[in-house]
Amino acid sequence: MSDKKRVIMLGNEAIARGAYEAGVKVSAAYPGTPSTEISEYLVQYKDGLYCEWSPNEKVATEVAVGASLAGTRAMACMKHVGFNVAADPAYSVSYMGVNGGLVIVVADDPGLYSSQNEQDTRMVARAAQLPVLEPSDSSEAKEFMKQAFELSEKFDRPFVFRTTTRLAHSQGIVELEAREEIEDKPYEKDIRRTVMMPANAKQRHVEIEKRNLELAEAANTLPINRVEMKDTKIGVITSGIPYQYVKEALPSASVLKLGMVNPLPKKLIAEFASKVEKLYIIEELDPVIEEQVRSWGIEAAGKELFTVQGEYSANMIRKAILGEALDIAAPAQVPGRPPILCPGCPHRSVYYVVKKLNLHVAGDIGCYTLGAVAPLSVVDTTMCMGSSISTLHGMEKAKGKEYIKNWVAAIGDSTFLHTGVNSLMNMAYNKSTGTVLILDNSTTGMTGHQDHAATGKTLQGEPAYAIDIPALCRAVGVRNVIEVNAFDLERLEAVIKEETARDEVSVIITKTPCVLLSKGKKPLYAAHEDKCKKCGMCMRPGCPAMTKRADGTIRIDDTMCTGCGLCKDLCKFGAIDLVKAGDR
Ligand SMILES: Cc1ncc(C[n+]2csc(CCOP(=O)(O)OP(=O)(O)O)c2C)c(N)n1
């Protein structure tokens, strides 16, 4: 056994460790489950390594490209949908190649635990002609990161490092090694590779096709693509987390485990296929390996047995191939617990008013998406980050300004800075009259409270310039910018009425910090049974701290109440009151 220190690490922690050991000097990211913790772990390695939250994934990728061009190893991290935002630089840096090694870590979410779609990053990477590595556990996550940087430099290709939720958030043993001290590469001006105008890009396209062929050839002998030969009746080609399921479901099968999933090792696959009686291809999401293998005339079973949706399991694989279930205990049944806005969330009171005014909401992505579900049920649309504002604008251009008088757009502060601000520029420039609510809770709440350019703190927790969101809105041409406390119901109602009636674009910023940011002891509210008239007003916003007794009176759970006071403000009969500390 080696004398290296062995520790248990989450997949994301191991990715960060791999980057650290690989000598990465610059990392830029925008949060997105399941990728967020990579940066939060990486920032803890302080020596010679710079990390940042960028405002979006396009910026993060460009920051990493800049660092690579300057000669250092660099990376960008994001979730799968973030890779779409980064697609513009990603497609072109693919032509440019790298100076210092460049890796884009992209985390997919089969099963949609926290995403708006289930896209397969391998498809996007293939379209951009970017090579992809995919690990199967924490140990490989660390090792493959190091290999990704080496291969990136050796073949002059930016690499995509694909993970999934199951890998990012499960633990495994990792052997720690020292950080490699990589010398920076010299920067040499060469506009044929770094200025992507047509004449140069044409040449680079030829060049990268050549590089990819070389890489595909090398993939046949790279140790990260390995054959585990056993019984030859069943052969399986797999990669990533499904490899773990295959090992459990079919312990005696022969397996070709791919660590590099683009480009594929054609010879190795053909050779493996020729040695087994029946070949299966087991991959979550899209039939990326399967379609290529079949296109080479190799017979294989795949998606006719397995779904393109959600996560796989060992049991499902065994049932599909052997027709029998694994002998394992049935998983414990837990009640469904759909996500809800927290007690005391400032988004709830804003939505309460929006609902009272009978408005439709062009929504966006963040905690406030939860306004789509009962009992609030105010959000009509949610598509992608930043889309609320432009969707509202499109509606107005289609149907006129009267039509959108009972609509608002609702967007969070982090999402506004991510891509919402571009849409607001468009509204001002193209003479929209719509009303935009910026639900500014001073954090990126949904992904676990990351800082952003308006919070006044960096990823390192250091003080930084905090963008003045109202001033930013004015700067793009919005004359009506109003700030309101999210819990000031009366003012909020008056302002929303006034601004939606106005024939000019308006922004209403409901600036109230996320309830989870304040860690101090909060006041509590209690309901008095004797004064309660059972009208149900206080229940309307759907606060999880409120329950109705059998007799119709209200009870407030003091372990959940955060003292926001929304229920008290809604009670016309004085039945809800602040409880003094001693009365609890
Ligand atoms: C392109 C893209 N990047 C990242 C994410 C992950 N994500 C979902 S919501 C969100 C931001 C939430 O912050 P904010 O808009 O401030 O709203 P809050 O959750 O704080 O209410 C992020 C980063 C995503 N869905 N899409």
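In listed order, ligands and their atoms are each counted from 1. Basis for what follows: all heavy atoms, side chains included, without hydrogens, waters or symmetry-related copies.
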Short list, please: which atoms of ligand 1 are under 4.0 Å from a heavy atom of [X]?
{"X": "Val85", "value": "1 (C)"}
{"X": "Val81", "value": "1 (C), 2 (C), 24 (C), 26 (N)"}
{"X": "Gly82", "value": "1 (C)"}
{"X": "Gly32", "value": "6 (C)"}
{"X": "Thr443", "value": "16 (O), 20 (O)"}

What residue and atom, counting heavy atoms only, is the protein's closest point to [atom], and at what distance?
{"atom": "atom 20 (O) of ligand 1", "answer": "Gly445 N, 2.7 Å"}
{"atom": "atom 15 (O) of ligand 1", "answer": "Thr415 OG1, 2.5 Å"}
{"atom": "atom 17 (O) of ligand 1", "answer": "Tyr368 CE2, 3.1 Å"}
{"atom": "atom 14 (P) of ligand 1", "answer": "Ser414 CB, 3.6 Å"}
{"atom": "atom 25 (N) of ligand 1", "answer": "Gln116 OE1, 3.5 Å"}
{"atom": "atom 16 (O) of ligand 1", "answer": "Asp413 OD1, 2.7 Å"}
{"atom": "atom 8 (C) of ligand 1", "answer": "Ile365 CG2, 3.5 Å"}
{"atom": "atom 7 (N) of ligand 1", "answer": "Thr447 CG2, 3.8 Å"}

Indicate, as side chain, backbone, both or neither, the part of [X] found under 4.0 angstrom from ligand 1 when only non-hydrogen atoms are considered.
{"X": "Met385", "result": "side chain"}
{"X": "Phe416", "result": "neither"}
{"X": "Asn441", "result": "side chain"}

Which of Lys79, Arg122, Arg166, Arg162 passes side chain to side chain donor-acceptor pair (under 3.5 Å) with Asp108? It is Arg162

If we ignore hydrogens and angles and just use 3.5 Å, is the side chain of Arg474 paired with the main-chain N or O of Arg479 as donor and acceptor?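 Side chain of Arg474 to backbone of Arg479: no pair is present.
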
Would you say Thr419's side chain and Met385's backbone share a donor-acceptor pair under 3.5 angstrom? yes

For [X] and [Y], does a side-chain donor sit closer than 3.5 Å to a side-chain acceptor?
{"X": "Asn441", "Y": "Thr443", "result": "no"}
{"X": "Gln450", "Y": "Glu40", "result": "yes"}
{"X": "Glu13", "Y": "Ser138", "result": "no"}
{"X": "Glu57", "Y": "His418", "result": "yes"}

For [X], is the nearest heavy atom under 4.0 Å from an atom of ligand 1?
{"X": "His452", "answer": "no"}
{"X": "His347", "answer": "yes"}
{"X": "Met78", "answer": "no"}

How far apart are the C-alpha atoms of Ser414 and Tyr30, what are their side-chain angles, what is the distance that settles it, and do they pass the side-chain hydrogen bond (donor to acceptor under 3.5 Å, both in side chains) test? CA-CA 10 Å; Ser414 189; Tyr30 182 71; 2.7 Å; yes

So for ligand 1, is Pro31 a polar contact partner (N or O within less than 3.5 Å, distance only)? no

[X] atom [atom1]: more than 12 heavy-atom contacts under 6.0 Å:
{"X": "Lys568", "atom1": "NZ", "answer": "no"}
{"X": "Lys431", "atom1": "NZ", "answer": "no"}
{"X": "Lys355", "atom1": "NZ", "answer": "yes"}
{"X": "Lys397", "atom1": "NZ", "answer": "yes"}

With a 6.0 Å cut-off on the ring centroids, do Phe144 and Phe161 count as close?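 No: the rings miss the under 6.0 Å criterion.
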
Could you work out, for atom 1 (C) of ligand 1, the closest of His449, His80, Lys58, Glu57 by heavy-atom distance? Glu57

